[in-house]
Amino acid sequence: MIPFLEILLALPFVMAAAVAALHARSRRTLAWLAAAAPLLALLLLAWLTPAVLAGHVVRGDHAWLPQIGLSFSLRMDGLAWMFAGLVLAIGALVVMYARYYLSAQDSAARFYAFLLMFMGAMLGIVLAGNLLLLMVFWELTSLTSFLLIGFWSYRKDARDGARMALVITGGGGLALLAGVLLIGHIVGSYDLDVVLASGDAIRNSPLYPAALMLVLAGIFTKSAQFPFQFWLPHAMAAPTPVSAYLHSATMVKAGVFLLARLHPALSGTDLFFYTVSGIGAVTLLLGAWNAIFQHDLKGLLAYSTISHLGLITMLFGLSTPLAVVAGVFHILNHAVFKASLFMAAGIIDHETGTRDMRRLGNLRRYLPITSALAIVASLAMAGIPLLNGFLSKEMFFAVALETEAPAPMRIATSIAALLAGMFGVAYSLRFVHDTFFGRGPRELDHLPHEPPPFMRIPVAVLVALCVAVGSAPALTVAPALRAAAGAILGTQMPEYSLAIWHGMNWPLAMSMAGTVGGVALYFGLRRVLDFYAVVTRSQGRMLFDWHLDALSTLALRFTDGIANGSLQRMLLMLVLAAIAVGSAPFIGSGELRAWPAPQPMPALGWLLWLVLVACTLAGLFLYRQRLLAVLVIGGTGLAVSLAFVFLSAPDLALTQLLVEMVTLTLMLLAMNYLPGTSKDAPRRWRRWRDAAVAVVAGTGVAALAYTLMTAPTRTMAGEMLARGLPEAYGRNVVNVILVDFRGFDTFGEITVFAIAGLVVHALLRRARMAPDKAMPGPPIRLPVPADLAQIMFPLILTVSIFLFLRGHNAPGGGFIAGLVLAVPLLMQYVIQGAESVESRFGFDYVRWIGIGLAIALLSGAASWLFSVPFLTSGHLDVHLPLIGELELASAMGFDTGVYLVVFGSVMLMLSMMGTVKPSRTRASLRGEIDPARRSPRTGGTR
């Protein structure tokens, strides 16, 4: 069976990678590549449409982490199908629009890559069949929206808006995660089908109020509901294609999508009814009222979006079957007319250089086609007959009048609906009147003109949909609406009519009253107030900034008190914290395990122990002479490696030995920037304090090690030994654990290792540090060691490959092999210098890291093709002529990624240490450092 859903979800991510890789291509090529993802996905969606409209649920299930209830489960019912269509169709139009909107200075590749990643994240939310998987994509939308909102990173308002959106939606995401965990605890599963079928169990649970409030916190922050609505207007600093996409069909719709998705499981209680409908009504009215007084075109549209999201939230809160249908209908209608309005605002900004309505006016003379399209879309937003907004607005009025609630609540709902209708007409009228009519334009750098035709096509398509749905709803939107609403309501689907004319009734009367009242309100306010002099301030923004400043101040004070740049203090606190955590279980229970009698140790063991103790004590007494101290500490690591050999742990011994070699090289490179001798010894009381802490910590670690080594043999280790060969096809159980049984942990570790290497690269590539002492004359050449290092490199490369290939069945593996390959190159860096080595080899270590992570990820994900969990190993025996039987395990692919990441990260960090640029000052070039210019925090030069 063809995995349609998996391909549909993967397309945006694959094309995002393609766009990023082909960033040097022309903007037209990049636009076509970016558009290919939604267009191909729409073809797949069209293929699945007959099954979805027939009421079937299309599924794709893959085990991921079944132990914690996480599966890569995809499902497409009518609701997911509708949202996927919105995400893909409007996404394709936005890609086309952005091709002409972005300036020559904007990076088209970066923009399209971010946009496609966001598209993929939104598809992941709507297609997820597991709540934990949904959370993964939920947080991915927050991260990618941060990148899109802050795309113009050189602008402060873009950086501030992106940060605000990330903090608010990210914080809401944490609350949502807690709510999802509670729901999973109540139901006993995170599978969406199980959760939706367990509504009674959830509502009857004592944890229901907490779970509901946490889930609603995530929904309200994402969909900009009161009191979190203030972040959305500040996100308007993003490029207009981003605003048209994020704030019409995608990001802000993610919240109301989840509200609709979980409606069968969470609705049906007074707590849900009053909380959701109340917050929605407040947001509806506040957003609409504030929209009237905005001077920025996108600011007006942003507040109107807040208002319409409040309307949708209010409808789902009312929870009657007709209210749910109306909510779904308005999601569709709002996405269409709001995307067209944002694009029209972008055209106006693109052609006039401003979005300030105080400088615009009379644009119908200069942009007649754009003006006509924008006016029609504005009338749809106002809810004028024969346009799509009128139908869902009239349905909203009907729901408000007939809601199943006490009379005061029904009256309040009807009044809120009528006021929202009036405010909607008023701000729509201001958008039209102040932009396309009246006097103007004013103070423009040049006279505006129509944009390229292809820039208008997306607006025209969306406006045509507004007219088509408003004129012939039964022929256009009815099947999609029934499928989407039916996925929520099931057998409770109500009877409703999408006819344009229902005769004279109260909803029509309310619509007429709202239209007349909105016109009167707008012109009345113009007569009473000077619109252009009104200045609006966001109280939410002020509170956000105040709390952020207070939190930053508190964090700075805490950091200054704890991590003031003194390595000794930070190490002391780290060790004290470890002592406290390690002692807590024994202090609480008061019981200590009886230790068995120690085994006799042979003379070789005592000799190793004496070397280890001697090197440790020598390090204490020689610490002021840095070079000797480094060599002595290396001796300590060598003794530890030999101890592992003595205890029959060859993998650990190899790893320890290689890490010691790499660390020693790193310290030798760093010593170039450190004084030859360290500072004088600290005060006597500090030495005694440090000695006492060291003795306590060392004794605790020794006791813990002895306890583990003398523990009963019936532990998890025995299970791993028993399962290693039959299940993972490897005789080296250490490597099997790393790349198979705990492969996901290893993937996280190499990811962290890669990030560490990239952080060092970012910190040092522009750093300038002066050596502690400059050697006179030219660099000393060491021809014999240099020649030996070059001769040994092919041999070491062979050893590295040998250790890599044998790692699954004998000591070795990707981590060890990567370190082995790095050691000779590091020696050449030390002996010959970075320029000489890189001129011969020319390694791009950053690319090696990226390729390694990609190989590790793809090799782990390949198991999904065989319907088994992520990183599940496979095995193949191949008979080759002359060679004989060759055993191949799929874990080798994952280990290849480990190999490349370890080698690339180690070399990136250490090569950066060897290529730090010298300071530009003459004194620094002579090796003279003024102590007065040392940083009080780090001790380095300023």
Side-chain angles (χ1 to χ4, degrees), residues 135 138-139 141-179 181 210 213-238 246-247 251-252 255 275 278-279 282-283 286-287 290 294 296 299 302-303 306 309-310 535-567 569-570 572-574 576-577 580 759 762-763 935-938 942:
M135 281 304 311
W138 185 278
E139 292 304 318
T141 59
S142 295
L143 294 174
T144 50
S145 67
F146 170 80
L147 297 174
L148 285 170
I149 296 171
F151 178 76
W152 286 329
S153 56
Y154 55 87
R155 288 174 40 177
K156 185 178 183 302
D157 59 341
R159 298 194 302 271
D160 290 345
R163 180 183 64 176
M164 186 183 299
L166 181 63
V167 170
I168 298 299
T169 60
L174 294 177
L176 177 60
L177 176 61
L181 294 177
M213 290 298 113
L214 289 169
V215 170
L216 290 180
I219 291 171
F220 291 163
T221 52
K222 202 75 161 184
S223 285
Q225 298 298 289
F226 177 84
F228 308 108
Q229 79 283 358
F230 58 87
W231 71 264
L232 183 58
H234 296 283
M236 294 300 109
L246 269 67
H247 307 134
M251 181 176 177
V252 293
T275 302
I279 293 295
V282 172
T283 308
L286 281 179
N290 282 306
Q294 301 303 308
D296 181 6
Y303 276 102
I306 293 171
L309 291 171
V535 178
T536 59
R537 292 183 176 86
S538 172
Q539 300 297 322
R541 168 66 184 269
M542 294 170 61
L543 286 173
F544 175 84
D545 289 340
W546 184 86
H547 282 99
L548 202 61
D549 291 342
L551 184 62
S552 299
T553 302
L554 180 63
L556 183 60
R557 290 178 179 175
F558 181 79
T559 302
D560 287 339
I562 302 298
N564 65 343
S566 171
L567 180 61
R569 175 183 290 191
M570 288 186 283
L572 175 64
M573 292 188 174
L574 178 64
L576 287 176
V759 168
L763 291 175
S935 169
R937 183 178 295 275
T938 63
R942 298 178 195 169

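Treat the numbers as computed from the prediction; the structure is a model and nothing was measured. Just so you know, residue 1 is the first one in the sequence shown, and it goes up from there. Side chains included, hydrogens not; waters and symmetry mates left out as well; all remaining heavy atoms used.
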Problem - Rounded distance [0.5 Å steps], CG in Leu143 versus CG in Leu148 - result: 11.5 Å

Handout entry: Within-4.5 Å side-chain heavy-atom neighbours: Tyr303 and Ile306
Key = yes

Practice task
Measure across Gly150 and Ala162 and return the closest heavy-atom pair with its distance rounded to 0.1 Å.
Solution key: N-CB, 3.6 Å

Handout entry: Donor-acceptor under 3.5 Å (Trp138 side chain, Leu177 main chain)
Key = no

Practice task
For Ala165 and Trp231, work out which heavy atoms get closest and say how close.
Solution key: CB-CE3, 3.8 Å

Exercise for the section: Could you go through the side chain to side chain contact (heavy atoms under 4.5 Å, CB included) check for Phe230 and Met542 one step at a time? Expected result: CA-CA 10 Å; Phe230 58 87; Met542 294 170 61; over 6 Å; no

Exercise for the section: Using atom types as modelled and distance alone, determine if a side-chain donor or acceptor of Ser223 lies under 3.5 Å from a backbone N or O of Phe220. Expected result: no

Handout entry: From CG (Leu543) to CG (Leu548), nearest 0.5 Å
Key = 12.0 Å

Exercise for the section: Quick one: do Met135 and Leu181 satisfy side chain to side chain contact (heavy atoms under 4.5 Å, CB included)? Show the steps, please. Expected result: CA-CA 10 Å; Met135 281 304 311; Leu181 294 177; over 6 Å; no

Handout entry: Side-chain heavy-atom pair Leu551, His547 within 4.5 angstrom cut-off
Key = no

Handout entry: Exercise: identify the closest heavy-atom pair between Ala302 and Pro233
Key = CB-CA, 3.9 Å

Practice task
Output, in order, the C-alpha distance, side-chain angles, deciding distance and verdict of side chain to side chain contact (heavy atoms under 4.5 Å, CB included) for Met213 and Thr275.
Solution key: CA-CA 9 Å; Met213 290 298 113; Thr275 302; 3.9 Å; yes

Problem - Gap between atom CG of Leu216 and atom OG1 of Thr221 - 0.5 Å precision - result: 10.5 Å

Handout entry: Distance (rounded to the nearest 0.5 Å) between Leu174 CG and Leu214 CG
Key = 11.0 Å

Handout entry: Heavy-atom closest contact (Leu246 atom, Ser145 atom, distance)
Key = CD2-CB, 3.7 Å

Fill in the blank from the handout: One should read off an interatomic distance between Leu166 CG and Leu147 CG, to the nearest 0.5 angstrom, of 9.0 Å

Problem - Under 3.5 Å donor-acceptor, Gln294 side chain and Asn290 backbone - result: yes

Exercise for the section: Specify the closest pair of heavy atoms between Ser142 and Lys222, including all atoms of both residues, with the distance to one decimal. Expected result: OG-NZ, 2.8 Å

Problem - Interatomic spacing from CZ in Arg163 to CD1 in Ile168 - rounded to 0.5 Å - result: 11.0 Å

Handout entry: Tyr154, OH: over 12 other non-hydrogen atoms inside 6.0 angstrom
Key = yes

Exercise for the section: Say whether, by atom type as modelled, one donor and one acceptor occur between the side chain of Thr141 and the main chain of Met251 under 3.5 angstrom. Expected result: no

Handout entry: For the student: nearest non-hydrogen atoms of Ile279 and Phe226, plus distance
Key = CG2-O, 3.4 Å

